[in-house]
Protein chains: 2
Amino acid sequence: MLSPLIALLERYMPLEPAERQALQELANQPRRFPAGADLVLEGDRPKEARLLLSGQAFRHKTLADGRRQIMSFHVPGELLDVQGLFMTMDHSVCALTPCEAAVIPHPKLVAMFEAHPRLALAFWRMNLVEGAVFREWMLGIGRRDAYARVAHLFCEVLIRLRAAGLSDGARAAFPVTQQHLSDALGLSAVHTNRVLQQLRGQGLLSFSGGELVVMDWAGLQAAGEFDPAYLHLSEAN
Amino acid sequence: MLSPLIALLERYMPLEPAERQALQELANQPRRFPAGADLVLEGDRPKEARLLLSGQAFRHKTLADGRRQIMSFHVPGELLDVQGLFMTMDHSVCALTPCEAAVIPHPKLVAMFEAHPRLALAFWRMNLVEGAVFREWMLGIGRRDAYARVAHLFCEVLIRLRAAGLSDGARAAFPVTQQHLSDALGLSAVHTNRVLQQLRGQGLLSFSGGELVVMDWAGLQAAGEFDPAYLHLSEAN
DNA sequence: CGAACAGTTGATCAGGATCAACTCGAGTGG
DNA sequence: CCACTCGAGTTGATCCTGATCAACTGTTCG
């Protein structure tokens, strides 16, 4: 059941049987969340951690007047609220599709980290990659124009979904609305719509009904000035 | 010599003598960097970690055409390249003033984490706060207008410098140019200049010659819609 | 059948970018 | 001591990317 997590960790660091065993013991009756439900809530000080087992989710913050910024999209295997281990959540995580999540009591997690320090480092590492993605998004939102920004996001999404085994490298289910895209990119929905039409018009991709199809990977990558290095996908420890 | 680090960690978690001792042993002959020098270089796969002991520095990424995004500012006590423990650096850290940094071999750090798992968690926690700041910046760059963005940054800077003992809460040395500010905020230098004049005109602050003086904290906070929760300064573990 | 929501289009507006010129020190070198 | 440069800050004029507003289509779903 925890295979997405194990696959994620094992991409960087071969796990020993005892470690794999310890991870398995985190599993419990997964909790189900309908699409649109909050998996993690801002202001909460959780007593357990949620590990996404199936489905997709996104992390976001919202301003008083309702303007929203999506900070990341998540695939199975990712721990959604490490932050909650140490402090109050300063943002929420919301289910994009129906999701299943393992709910792991903090003490259980901490005990595992103490028994298997290498696993603590492995989780920390996952966390660092998340930070790297935040930084790349900041660069995009702050310094790239809308066209490159949209293209870049789709490049990232495709690669990450593929790494999670959710895409063949050309098409993938990415069940977001144009409003979600806008909120992730710091654009208005109208403008996002127009940029999508451009990208479609260039024959780079199509995106509708939550399905992304990339028709010209090289072209899309160029349009987004995309370099996957920041995802740190192929760096062994 | 490592007192800034110890103060930082101890803010959240009282350290035991053995732990404090272990931290002290990280100290070595600090390395000096002139203003403008790179403390950490993108593309590097370092064999040691740099811990800022004195001075100020900033983290940034640069696009092919030279557009730059500053991702964070750093004060003494912060570990600048945890990322390098696990993977290649995907961005650089540059000295704003002359800096001193302890250069800690990775094996030494890892050994300490193994001997004192709580310290690993403490460092991880520091790292999570950094991530929280990234997210807040994303929200600002993506969704706040220039005026609020500038005000928000100054609020954050003042609070963080104060927490680091580098400010009395009203004024602080913050030796950046308007260009630095622009690159941190995703604005042009010209526009940043105009917003600064507004803030000055409203009597909220003055900023020149690298010195920040906040004259109306409540007003500045309101202008920036600033809520310090995301800095997680006063949350014990 | 009617809501409700996602997507699309056109028209208009504005926030902030860009370009260019100028000021004002702080060096620096003749 | 002056001329010069260089970087930072400032100002004005203009432009443009992307926001906003509003209407309309199409689909799904109760």
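Predicted model only: the values in this text are computed from it and were never measured. Below, chains carry the letters A, B, ... as their sequence lines are ordered, and counting in each starts from 1. Heavy atoms only: backbone and side chains are in, while hydrogens, waters and symmetry mates are out.
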Can you tell me if the side-chain N/O atoms of N193(B) get under 4.0 Å from OP1 or OP2 in dT10(D)?
yes
Rounded to whole Å, CG of L196(A) lies from P of dA6(C) at a distance of 15 Å
Separation of I141(B) atom CD1 from dA17(C) atom P, in whole Å?
12 Å
Is there a donor-acceptor pair closer than 3.5 Å between any side-chain N or O of D44(A) and the backbone N or O of M89(A)?
no
dT8(C) phosphate, OP1 or OP2: any side-chain N/O from Q178(A) under 4.0 angstrom?
yes
How long is the line joining CG of L185(A) and P of dT17(D), in whole Å?
18 Å
Minimal non-hydrogen separation, L187(B) against R149(B), with atom names:
CD2-NH1, 3.7 Å
Assign G186(A) to base, sugar-phosphate, or nothing according to its heavy-atom contacts below 4.0 angstrom with the strands shown.
sugar-phosphate
Please give, in whole Å, the distance from dA14(C) C1' to H191(A) NE2?
14 Å
Using a 4.0 Å cut-off on heavy atoms, which residues in residues 64-73 of chain A reach DNA chain C? List them by number, or say none.
none
Of the candidates dG7(C), dG16(C), dA20(C), the side chain of T177(A) sits closest to dG7(C)
Nearest-nucleotide comparison on DNA chain C, the residue closer to the 5′ end among R143(A) and G209(A):
G209(A)
So, OP1 or OP2 of dT11(D): does either fall under 4.0 Å of a side-chain N or O from Q197(B)?
yes
Tell me what L187(A) touches on the nucleic acid: a base, only sugar-phosphate, or nothing, going by heavy atoms under 4.0 Å.
sugar-phosphate
So does R59(A) pair up with E42(A), basic N to acidic O under 4.0 Å?
no
Ring centres under 6.0 angstrom apart (F174(B), F73(B))
yes
In whole angstroms, the gap separating P of dG15(C) from OH of Y147(B) amounts to 14 Å
May I have the distance from R194(A) (atom CZ) to dG7(C) (atom C1'), rounded to whole angstrom?
12 Å
Between P on dT10(D) and CD on Q198(B), what's the gap in Å once rounded to a whole number?
14 Å
Would you classify R200(B) as touching base, sugar-phosphate or nothing, given that sugar-phosphate means primed atoms plus P, OP1 and OP2, and contacts are heavy atoms under 4.0 Å?
sugar-phosphate
Check: Y230(A) ring centroid to H152(A) ring centroid under 6.0 Å:
yes
Between the base of dG16(C) and the side chain of R149(B), is there a donor-acceptor distance below 3.5 Å?
no
For DNA chain D, whose closest nucleotide is more 5', that of S188(A) or that of H180(B)?
H180(B)
Considering only heavy side-chain atoms of A146(B), the closest of dG10(C), dG18(D), dG16(C) is dG16(C)
To the nearest angstrom, how far is L181(A) atom CG from dA6(C) atom C1'?
12 Å
Would you please indicate yes or no on a ring centroid separation below 6.0 angstrom for H180(A) and F58(A)?
yes
Okay, side chain of D65(B), backbone of R67(B): is any donor-acceptor separation there less than 3.5 Å?
yes
In plain terms, say whether D90(A) and R135(B) are close enough for a salt bridge, that is, a side-chain N and a carboxylate O under 4.0 Å apart.
yes
